[in-house]
Amino acid sequence: MKTIVLACVFLFVASSSAALHCKHGELDIPTSWIDIQDKCVKSMKEQIKEEMKASLQYMAMAAYFSQDSVNRPGFAKHFFEAASEEREHGIKLIEQLLMRGKLTSGVGDLFRYTDLKPTNLTWPSGNQALKDALILEATVTEKIRGVIKVCEDVNGVNDYHLVDYLTGVFLEEQYTGQRELAGMISQLEKMEASHGSLGEFLYDKKLLG
Ligand SMILES: *[C@@H]1O[C@H](CO)[C@@H](O)[C@H](O)[C@H]1NC(C)=O
Ligand SMILES: [Fe+2]
């Protein structure tokens with residue numbers, strides 16, 4: 001054993017080629033611990049795509065409000081942060097599948113999607129962008145509920161752990177985020193009602209912190 005390890009270390013050090021690694025036969029790891037159902041995995045992968053798509057949609061919003069001709073750095077900051085959060089959600093879901101022994105044969109099927117393009121690229125106002133964001137979040141919430149529905153009953157098998165995570169962590173974030181967006185729209189509309197278009201300028205400063 002010791003000699004094999006030493007030989008491997010030697011081969012690794014001696015070679016500058018990244019392609020070289022120590023050969024081993026087929027791994028013989030019991031698979032009975034992998035109890036997540038295929039239908040549930042498929043639904044999770046769809047959701048990972050949705051999170052990535054939401055991330056790109058927020059990137060489009062952030063880029064739009066960053067332009068010199070629009071110049072709303074506060075809105076841009078908010079949407080760049082939202083894009084990062086969505087990306088983080090995608091990572092969290094990937095981690096769930098990794099923990100459950102899925103994705104071990106590669107992540108290629110996660111990156112086959114071609115429909116990640118943002119639906120909208122321009123917005124008439126910051127207010128409209130926040131409203132679109134709230135609608136987007138409501139759609140994502142509905143889809144997470146769909147994943148829960150699949151994973152809590154695949155031919156009578158309830159994936160208690162995953163469903164608990166999606167319900168307690170993911171839905172919690174969705175509802176908190178939606179409430180925050182609704183509050184933001186409310187405040188912005190009040191400022192616009194009393195200050196006209198100056199309202200958006202002032203709210204942008206507030207978002208910038
Ligand atoms: C795109 O714009 C339409 C019309 O304003 C809106 O109804 C829809 O929610 C928007 N979609 C996204 C993802 O922002
Ligand atoms: Fe998300």
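When a ligand or atom number is given, it counts from 1 through the structure's own listing order.
One finds a salt bridge joining Lys131 and Glu189 here, because a Lys/Arg side-chain nitrogen approaches an Asp/Glu carboxylate oxygen to under 4.0 Å. Under a 4.0 Å N-O distance rule, the pair Lys49/Glu46 qualifies as a salt bridge. For Arg72 and Glu200, the salt-bridge test passes: some basic side-chain N is under 4.0 Å from an acidic carboxylate O.
Atom 4 (C) of ligand 1 lies below 4.0 Å from none of the non-hydrogen atoms of the protein.
Ligand 1 has a nitrogen or oxygen under 3.5 angstrom from a nitrogen or oxygen of Asn120.
Not one N/O/S atom of Glu50, from backbone or side chain, sits under 2.8 Å from the Fe ion (ligand 2). The Fe ion (ligand 2) does not have Glu137 among its coordinating residues (no N/O/S atom, backbone or side chain, under 2.8 Å).
Its N, O or S atom nearest to the Fe ion (ligand 2) is what matters here, and for Glu51 that atom is OE1.
Regarding atom 9 (O) of ligand 1, its nearest protein heavy-atom neighbour is Asp132 OD1, 3.6 Å. For atom 13 (C) of ligand 1, the closest non-hydrogen atom on the protein side is Gln57 OE1, 3.5 Å.
Tyr165 places a side-chain heavy atom less than 4.5 Å from the side chain of Lys92.
Considering Met44, Glu152, Lys45 as possible partners of Val147, the one that fulfils the side chain to side chain contact (heavy atoms under 4.5 Å, CB included) test is Met44.
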